[in-house]
Amino acid sequence: MVDDLLHRRYRIVDKLGHGGYSTIWLAHDEQTTRYVALKVAISGQMLPRREPSILRALSESVPSTQETAQGAFDASTTIPQVLEVFNVRGPNGIHVCYTKTLAQGNLKEASFNRLFPIEVARLLAARLALAVSLIHSQGFVHGDIHLRNVLVKLPSTIDELSIADFRKTFGEPETVPIHRADGEPLPPNAPPQAVVPLYLGRMAEEFTLDDANGLILGDFGEAFAPATEERLGGDCNTPVAMRAPEALFEPDTPVSFSADIWSLGTAIWEILGMNFIFSETETMDEIVAQQIDVLGYHGLPLAWREHWERSNTEELVTETEVEVPRHPTVDRNAWPPLEQAFAEFVQKHRREQEAMGVFGEEETKAILDLMRGMLRFKPEERITIQEVLQSDWMTKWALPRVG
Ligand SMILES: Nc1ncnc2c1ncn2[C@@H]1O[C@H](COP(=O)(O)OP(=O)(O)OP(=O)(O)O)[C@@H](O)[C@H]1O
């Protein structure tokens, strides 16, 4: 695939990433001599056309500036710009493809084991909340907010590089051979090698305020408009550690804007402290047990408690046939309550790398108040995105940095 020319225009230079339904390539547009991100959906999927059409609808409807109590700011770059949509025929059938503005890469990659400088972390959180507010104001739920879907603008100076210069700067594409586990030869429609994604961005500690101001909320593959379309909890695909709990406990009930607020809360926590608030690598039952440890059992709705406490032998069959969380029966280490979790998961790392900045007492209180509002178990009790933007922490510490 590397070096191929797609649609008589896009030369594939390297790979940027992949998801469940697509691969994202770095391509050089030979018509405009600019680099773009080219998303190639797996063949036969009709779903991928949804994302570019939602993005186009959004970019036509969103105002170019967004007003906040702190002033107006440029909103046009917060949402990915779809450049061209086309089909490509490959050995496995027809693939829907579309090109988007190239970005630096995702925040998860940038912050793996690394902290953002405190000013940058505040600004990233503010920009992400503003991006969500923009989408909600247009009637859309994003449906998949987590740091792998948050990108940062890339300086356009990259377009000055020829492909040869690009390779001198960023290296040749890294590939690994593909073998069948049973040793049999690969079928003719399988590629002989896989390309390892290239990360183009800076690492978290090198991020500047300009980088943070260039935040882009990407991947609208799960986005939907609740007014015209129902999305059941059981059909949510956000990673469980960031998924709103109503989607787990009530898989047959539609989710709405409040589900984004929960995920945004977990994303902001991760931006501030490098660590996720609920473990990414655990089972659904363990993750819910952590949510209860951190947020307290009192907030868990009564109906959910009954499901949660059911015995190991009781089966709970939902219409969507999705498993509902149940108290883990194995011995486990309880997670600390919210305040202590912030001290242990966020502040401790910040103290260890003092140059990145530590949150003061008053600011910590404001962050925790915001988290309590965003991470309420009952979706109807969660604060709205407008209330997030009006919170003490956003208005005093995060939004003033938006430029
Ligand atoms: N415009 C872009 N510029 C640079 N890198 C990008 C761009 N778009 C996506 N990527 C990279 O590709 C990764 C996957 O992209 P994306 O989330 O859009 O794919 P997806 O197939 O929709 O994923 P999923 O199936 O997980 O929802 C991102 O995490 C990011 O690292």
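Bear in mind that the values here come from a model prediction, so they are computed numbers and not experimental data. We count ligands from 1, going down the list as the structure has it; atoms in each ligand are counted the same way.
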What about the rings of [X] and [Y], do their centers lie closer together than 6.0 Å?
X      : Y      : value
Phe166 : Tyr35  : yes
Phe359 : Trp393 : no
His28  : Tyr10  : no

Ion pair check, [X] and [Y], cut-off under 4.0 Å:
X      : Y      : value
Lys396 : Asp392 : yes
Asp293 : Arg332 : yes
Arg231 : Asp144 : no

Pair Trp304-Glu246, side-chain hydrogen bond (donor to acceptor under 3.5 Å, both in side chains): steps then yes or no: CA-CA 9 Å; Trp304 298 7; Glu246 63 272 23; over 6 Å; no
Under 4.5 Å between any side-chain heavy atoms of [X] and [Y], yes or no?
X      : Y      : result
Ile292 : Phe377 : yes
Phe207 : Val152 : yes
Asn106 : Asn149 : no

Could you identify the single nearest non-hydrogen protein atom to [atom] and state the distance to 0.1 Å?
atom                    : result
atom 25 (O) of ligand 1 : Gly20 N, 2.6 Å
atom 11 (C) of ligand 1 : Leu16 O, 3.8 Å
atom 12 (O) of ligand 1 : Gly17 CA, 3.6 Å
atom 19 (O) of ligand 1 : Ile24 CD1, 3.3 Å
atom 8 (N) of ligand 1  : Lys100 NZ, 3.4 Å
atom 27 (O) of ligand 1 : Asp219 OD2, 2.5 Å
atom 31 (O) of ligand 1 : Asn106 ND2, 2.9 Å
atom 7 (C) of ligand 1  : Leu151 CD1, 3.6 Å

Within-shell test, Lys39 vs ligand 1, heavy atom, strictly < 4.0 Å: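 For ligand 1, residue contact (heavy atoms, under 4.0 Å) with Lys39 is present.
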Within-cut-off N or O pair, Ala103 and ligand 1, under 3.5 Å: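 Ala103 vs ligand 1: N/O contact under 3.5 Å present.
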Any N/O pair Ser22/ligand 1 closer than 3.5 Å: yes
Spacing of Met1 atom CE and Gln193 atom CD [to the nearest 0.5 Å]: 13.0 Å
Counting heavy atoms only, which part of [X] comes closer than 4.0 Å to ligand 1: side chain, backbone, both or neither?
X      : value
Ala37  : side chain
Asp144 : side chain
Asn149 : side chain
Thr101 : backbone

What atoms of ligand 1 come closer than 4.0 angstrom to any heavy atom of [X]?
X      : result
Gly19  : 20 (P), 21 (O), 23 (O), 24 (P), 25 (O), 26 (O)
Tyr21  : 25 (O)
Arg148 : 28 (C), 29 (O)

